[in-house]
Number of protein chains: 2
Amino acid sequence: MRIVIADDSVLLREGLSRLLAEVGHNPVAAVGDGEALVDAVEAHQPDLALIDIRMPPTFTHEGAVAATEVRRRWPAVGILLLSQSIEGRYALELARSHPQRFGYLLKDHILDVSVLADAIATVAGGGTVLDPDVVAQFLGRRSTLERIDALTAREQDVLAAMAEGRSNRAIATRLSLTDKTVETHIGSILTKLDLLPQPDDHRRVLAVRAWLDRTAPGGNDDRRRPPP
Amino acid sequence: MRIVIADDSVLLREGLSRLLAEVGHNPVAAVGDGEALVDAVEAHQPDLALIDIRMPPTFTHEGAVAATEVRRRWPAVGILLLSQSIEGRYALELARSHPQRFGYLLKDHILDVSVLADAIATVAGGGTVLDPDVVAQFLGRRSTLERIDALTAREQDVLAAMAEGRSNRAIATRLSLTDKTVETHIGSILTKLDLLPQPDDHRRVLAVRAWLDRTAPGGNDDRRRPPP
DNA sequence: GCAGGGATCAGGGCTAGCCCGGGGGTTCGA
DNA sequence: TCGAACCCCCGGGCTAGCCCTGATCCCTGC
């Protein structure tokens with residue numbers, strides 16, 4: 001099977017190249033960033049692209065973004081994403097919208113080369129391979145979104161202000177309420193987000209994280225609702 | 001001047017189209033997502049692309065990502081980004097790395113069409129136009145990174161745990177410290193991040209935001225340092 | 001040897017934030 | 001008409017978190 005490898009780490013992509021050759025695959029190119037990945041797929045028309053999500057220039061999502069481009073232009077090319085830990089929106093969106101010939105594994109969970117070889121075979125055969133932790137995170141995020149959607153408009157106003165790092169008093173001033181009312185809304189927010197009192201949790205921070213994470217990646221402000 | 005417009009809102013892109021025509025420009029295409037933007041630039045070879053950062057499918061950064069693609073493939077095409085509020089890493093990275101023929105305006109700050117027309121003229125002429133708030137945010141983010149880099153390793157451990165929503169007690173347990181020591185570290189963190197007591201601020205949340213924002217967009221874990 | 005930085009810990013005080021119980025008003029659908 | 005949902009507000013109690021002061025120890029560089 002013809003495979004293109006994209007990973008900014010020279011050692012890793014060259015190592016993977018040799019590893020795949022040992023198990024009978026044909027690594028036709030090994031590149032270090034998203035643009036080069038797209039160029040290599042165009043040049044070599046591989047069966048599958050093995051892609052690290054984080055690549056230059058920002059080392060955040062270039063791999064996943066390039067993977068989206070590869071899927072758009074060459075739908076028959078299998079895509080197998082790799083990362084150190086679970087990454088945000090783009091990769092999960094690609095999994096949701098184009099699950100065929102798609103895989104997402106965590107590097108630390110690939111304990112021997114057979115795991116990788118099996119995943120490659122499955123993806124190239126048209127199937128989907130997702131690390132269990134990736135699935136769990138995906139479901140968890142869906143659940144967080146649903147919970148935030150279940151907040152009332154006022155509660156979302158309060159939570160948005162909390163997420164800006166405003167104190168209760170500042171929130172009250174901004175929304176023309178008393179401190180007491182803000183406390184009441186915050187209590188409802190924590191309950192609806194299922195953030196019950198736990199000695200190990202800082203629940204306000206967790207609520208703020210939920211709000212910020214609903215727009216990952218890069219959410220600094222309100223997410224626009226998709227048109228109906 | 002030939003202009004391509006990209007905004008998912010039909011009303012806005014059609015309105016912009018007419019507005020630009022009134023002031024003497026030639027809007028050659030008006031599209032609703034990043035892919036269509038790239039296709040339109042390819043088809044029409046405009047002088048400038050006017051791009052809303054948030055477009056489908058995730059309504060987060062597709063505009064900025066597509067803008068990066070446009071800049072890569074057609075460096076002579078001016079790029080003018082628009083958004084409701086300041087967006088994260090991609091747009092600012094594009095401004096930093098390719099400032100010529102580039103602009104970034106906040107929609108709410110365009111108080112009349114002459115502001116837009118002036119920006120278009122400047123960008124098409126090879127210059128750079130940045131909303132002052134955008135500049136301030138960019139500088140603020142640089143400053144935040146520097147401050148976080150100035151924390152000791154231990155302080156960064158504590159801040160990372162805070163950002164996970166852990167309570168002081170849980171942080172102490174995890175790092176084998178007493179509550180008192182965690183409090184001391186948090187005090188140092190707040191001081192070094194210049195988060196002085198203010199009645200309107202929830203300083204712990206602001207410190208957590210600083211930590212999370214250092215890896216924007218999509219930072220769920222450690223940022224990888226770019227190779228030297 | 002000494003100063004500075006980092007790490008750890010303690011006693012004690014204060015308060016913003018959380019929460020319990022309670023209350024009132026408006027709107028909408030069954 | 002009534003109940004549910006939403007919004008707003010109060011009195012009162014409790015505590016996690018913050019901060020002041022102070023202390024000790026270790027390491028490094030001058």
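Scope of the values below: all heavy atoms of this structure, side chains included, with no hydrogens, waters or symmetry mates. Letters A, B, ... are given to chains in the order of the sequence lines, protein chains preceding strands, and every chain is numbered from 1.
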Under 3.5 Å side-chain donor-acceptor pair for A:T184 and A:T181 | no
Test item: A:S17 side-chain N/O and A:P27 main-chain N/O as donor-acceptor pair under 3.5 Å = no
Judged by atom type as modelled, is there a donor-acceptor pair below 3.5 Å linking the side chain of A:R154 to the main-chain atoms of A:H185?
-> no
Within the pair A:T184 and D:dC9, is there a side-chain N or O less than 4.0 Å away from OP1 or OP2?
-> no
Is it true that B:R18 and B:E22 make a salt bridge, defined as a side-chain N closer than 4.0 Å to a carboxylate O?
-> no
When rounded to whole Å, the CG to C1' distance for the pair A:L175 and D:dC8 reads 12 Å
What's the spacing between B:E35 CD and A:R72 CZ if we round to 0.5 Å?
-> 4.5 Å
Taking only side-chain nitrogens and oxygens of B:T152, does any of them come within less than 4.0 Å of OP1 or OP2 of C:dG6?
-> no
Checking B:L20, B:I79, B:L81 against B:L50 for side-chain contact (heavy atoms from CB on, under 4.5 Å), the one that qualifies is B:L20
Would you tell me if any nitrogen or oxygen in the side chain of A:H185 comes within less than 4.0 Å of OP1 or OP2 on D:dC7?
-> no
Identify all pairs in which a protein N or O lies below 3.5 Å from an N or O of nucleotides 16-19 of chain D, and state each distance.
residue, atom, partner, partner atom, Å
D:dC18, OP2, B:R204, NH1, 3.0
D:dC18, O3', B:R203, NH1, 3.2
D:dC18, N4, B:E183, OE1, 3.3
D:dC19, OP1, B:R203, NH1, 2.4
D:dC19, OP1, B:R203, NH2, 2.3
D:dC19, N4, B:K180, NZ, 3.2
D:dC19, N4, B:E183, OE1, 2.4

When you check the gap from the basic side-chain N to the acidic O, do B:D179 and B:R169 get nearer than 4.0 Å?
-> no
Are the side chain of A:R166 and the backbone N or O of B:D200 linked by a donor-acceptor pair below 3.5 Å?
-> yes
To the nearest 10°, let me know how far the axis at one end of the helix from C:dG1-D:dC30 to C:dA30-D:dT1 is tilted from the axis at the other, five pairs an end.
-> 40°
